Protein chains: 2
Amino acid sequence: MTTPAAFASLAALMADPARAAMLTALLSGEALTAGELARVAGIGAPAASAHLARLVEGGLVAVHPQGRHRYHRLASAAVAATLEALGGLAGAVAPARRWPHGEAFRSARLCYDHLAGRLGVAVHAGLVGRGWLSPAAGGWSATPRGEAGLAALGIDLAAARQARRFACDCMDWSERRAHLAGGLGREIAACCLARHWLLRLPGEREGDPMARRRLRLTPEGARCLGEALGVGGLDLAA
Amino acid sequence: MTTPAAFASLAALMADPARAAMLTALLSGEALTAGELARVAGIGAPAASAHLARLVEGGLVAVHPQGRHRYHRLASAAVAATLEALGGLAGAVAPARRWPHGEAFRSARLCYDHLAGRLGVAVHAGLVGRGWLSPAAGGWSATPRGEAGLAALGIDLAAARQARRFACDCMDWSERRAHLAGGLGREIAACCLARHWLLRLPGEREGDPMARRRLRLTPEGARCLGEALGVGGLDLAA
DNA sequence: GCGCCGCTTCGGGGCCGGGCGAAGGACAGC
DNA sequence: GCTGTCCTTCGCCCGGCCCCGAAGCGGCGC
């Protein structure tokens with residue numbers, strides 16, 4: 001019966017308020033230092049260090065030292081997907097208030113390194129509906145038409161293919177539908193941010209660990225994504 | 001910062017080995033008594049009672065008394081979806097052995113009350129690909145063609161619509177793609193089981209809490225689902 | 001109605017885990 | 001080199017949780 005034990009120890013890593021605050025802060029996709037995470041969690045440096053050691057040990061967080069700083073990120077998009085699912089259930093099962101982060105959070109946000117919210121679901125539906133992606137073992141693969149279209153959009157397909165998974169689903173808790181994760185999801189989000197089709201909404205850093213995940217679609221972004229993928233009709237204005 | 005706290009307390013409910021064993025056992029969709037769950041978890045009756053009280057309090061488990069027995073089930077398909085996601089990550093992050101439940105578990109299984117595994121993903125792809133489902137807020141809705149086709153298959157659409165959600169995605173951890181949950185997913189699974197298109201693979205009850213989730217597609221089931229939805233070419237033999 | 005059975009509540013014991021302060025390495029800049 | 005900063009390790013205290021045995025409550029069958 002190895003599975004329930006592994007299941008429980010994984011859940012235990014998320015079951016501490018301080019670690020939960022760190023993990024939700026890391027869902028923004030940014031790499032944060034141990035000190036920043038300590039502040040987010042509201043604990044001292046020693047406690048934060050111990051927590052982060054456990055998260056790294058458990059495979060949820062990856063660390064890469066840089067000088068005297070140690071930057072921490074989520075270990076993979078699969079971790080982000082699970083955190084999102086848990087967060088959605090926490091919001092549904094304890095509906096204290098319907099997600100205190102407002103409409104902007106539901107309309108467009110980052111799930112670690114890829115798009116989520118109504119925008120993420122619409123991009124997923126556009127890619128599949130136009131026949132740019134086809135079902136494959138372990139997720140999706142790009143059709144010839146899809147390769148051409150994605151390249152025309154400026155997506156770096158070679159970079160996307162270097163990820164452990166090229167394209168796979170990720171549950172969107174606010175829409176109850178899948179959005180796109182994997183290397184392709186990451187490259188699409190990176191492209192949209194680099195071209196200023198999407199802007200990160202600046203949130204007050206301290207306090208709310210998930211403020212920096214919110215995104216706003218610019219007019220040019222709406223035009224380009226609408227032409228290419230039929231994304232539109234969404235109430236994506238902040 | 002209400003969210004990380006709710007997140008943590010939800011994870012804490014899953015973070016105990018005994019509770020994890022109970023929850024994974026309930027993923028079979030069966031309603032189990034407190035005594036059975038105590039045996040599954042390997043603890044005494046008093047401890048099990050306390051654990052179940054916490055799970056009910058936390059909204060993960062629903063209880064309906066029947067005589068001197070108290071039957072427990074997962075509270076919703078959303079709970080099942082989250083448990084599956086967590087289980088998949090636990091298998092991926094601690095790849096002690098690649099899921100000790102064999103190929104049958106990946107090919108067809110129950111996720112609480114709906115189909116999962118390669119079969120579940122194929123059914124989802126068939127429904128969407130044939131234009132029987134169309135995107136809708138919070139999930140999917142049935143197209144006119146879909147209503148006709150589903151009714152011809154013998155699916156009880158009226159019952160499906162009574163669920164809190166008609167149709168929505170649920171992450172399939174083994175395929176990294178979405179399968180279908182919600183009222184429609186439940187009715188499809190119920191129909192397949194009632195017509196003996198699918199059989200529950202009997203597992204030794206004690207010991208492995210997830211053995212009874214495995215399913216086997218019968219020849220007639222393969223024929224009917226293949227004709228209606230194009231499901232085929234899967235290695236679904238046990 | 002009496003006794004069995006399933007489940008819950010109560011009390012006590014034990015363990016694990018989280019928090020801090022103080023001290024110890026590692027790196028950058030002057 | 002020295003100093004400041006970032007981070008970790010160590011030692012300690014504390015609270016919470018998990019377990020069991022014993023007792024209490026309620027339904028069911030003889």
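Proteins come first, then strands; the chains are lettered A, B, ... in the order of their sequence lines, and each starts at number 1. Note that the structure is a prediction, hence the values are computed from the model and not measured.
- Stacking of A:R216 on the aromatic ring of A:W197 is not recorded, the 6.0 Å distance cut-off and the 45° axial limit not both being met.
- Across the protein-nucleic acid pair, B:E57 atom CD and D:dC17 atom P stand 13 Å apart, rounded to whole Å.
- Between A:L52 atom CG and D:dT9 atom C1' the separation is 15 Å, expressed in whole Å.
- Just one residue in the list B:R109, B:R106, B:R118, B:R177 forms a salt bridge (charged side-chain N to carboxylate O under 4.0 Å, His left out) with B:D172, and that residue is B:R109.
- As a whole-Å value, the separation of A:L55 CG from D:dC7 C1' is 16 Å.
- A residue-by-residue look at B:Q66 and B:A18 shows that B:A18 has its nearest nucleotide of DNA chain D further toward the 5' end.
- Toward the 5' end of DNA chain C, the nearer of the two residues A:R19 and A:G67, judged by each one's closest nucleotide, is A:R19.
- Remark: side-chain polar atoms of B:R214 are not paired, donor with acceptor, to backbone N or O of B:F105 under 3.5 angstrom.
- Side-chain atoms of A:T24 come within 3.5 Å of backbone N or O of A:A20 as a donor-acceptor pair.
- Rounded to whole angstrom, the span from the CD1 atom of A:I43 across to the P atom of D:dT8 amounts to 11 Å.
- Looking at heavy-atom distances under 4.0 Å, B:A34 makes contact with sugar-phosphate atoms alone, never a base.
- Judged by the 6.0 Å and 45° rule, B:R161 forms a cation-pi pair with B:F166.
- You'll find the side chain of A:I155 reaches within 4.5 Å of the side chain of A:L184, heavy atoms only.
- Heavy-atom nearest nucleotides on DNA chain D were determined for A:A50 and for A:H69, and the one closer to the 5' end corresponds to A:H69.
- Shown here for B:C111 and B:A116, the closest heavy-atom pair between the two residues is CB-CB, 3.9 Å.
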Let me have the donor-acceptor pairs involving side chains of residues 54-83 of chain A, under 3.5 Å, with sequence neighbours excluded, atom names and distances please.
from, atom 1, to, atom 2, distance (Å)
A:R73, NH2, A:Y112, OH, 2.8
A:S76, OG, A:A78, N, 3.3
A:S76, OG, A:V79, N, 3.3
A:T82, OG1, A:A78, O, 3.0

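- Protein atom CZ of A:R68 is 15 Å distant from nucleotide atom P of D:dT3, rounded to whole Å.
- Between the P atom of D:dG27 and the OH atom of B:Y71 lies a distance of 16 Å, rounded to the nearest Å.
- The nucleotide range of DNA chain C contacted by chain A, defined by atoms under 4.0 angstrom from heavy atoms of the protein and reported 5' to 3', is C:dG17 to C:dA28.
- Remark: DNA chain D takes part in the stems C:1-30 with D:1-30, each of 3 or more antiparallel Watson-Crick or G-U pairs, criterion distances under 3.5 Å.
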* To do: In sequence, state the C-alpha distance, the side-chain angles, and the governing distance for B:E30 and B:S28, and then conclude on side chain to side chain donor-acceptor pair (under 3.5 Å).
  => CA-CA 5 Å; B:E30 295 176 297; B:S28 71; 3.3 Å; yes
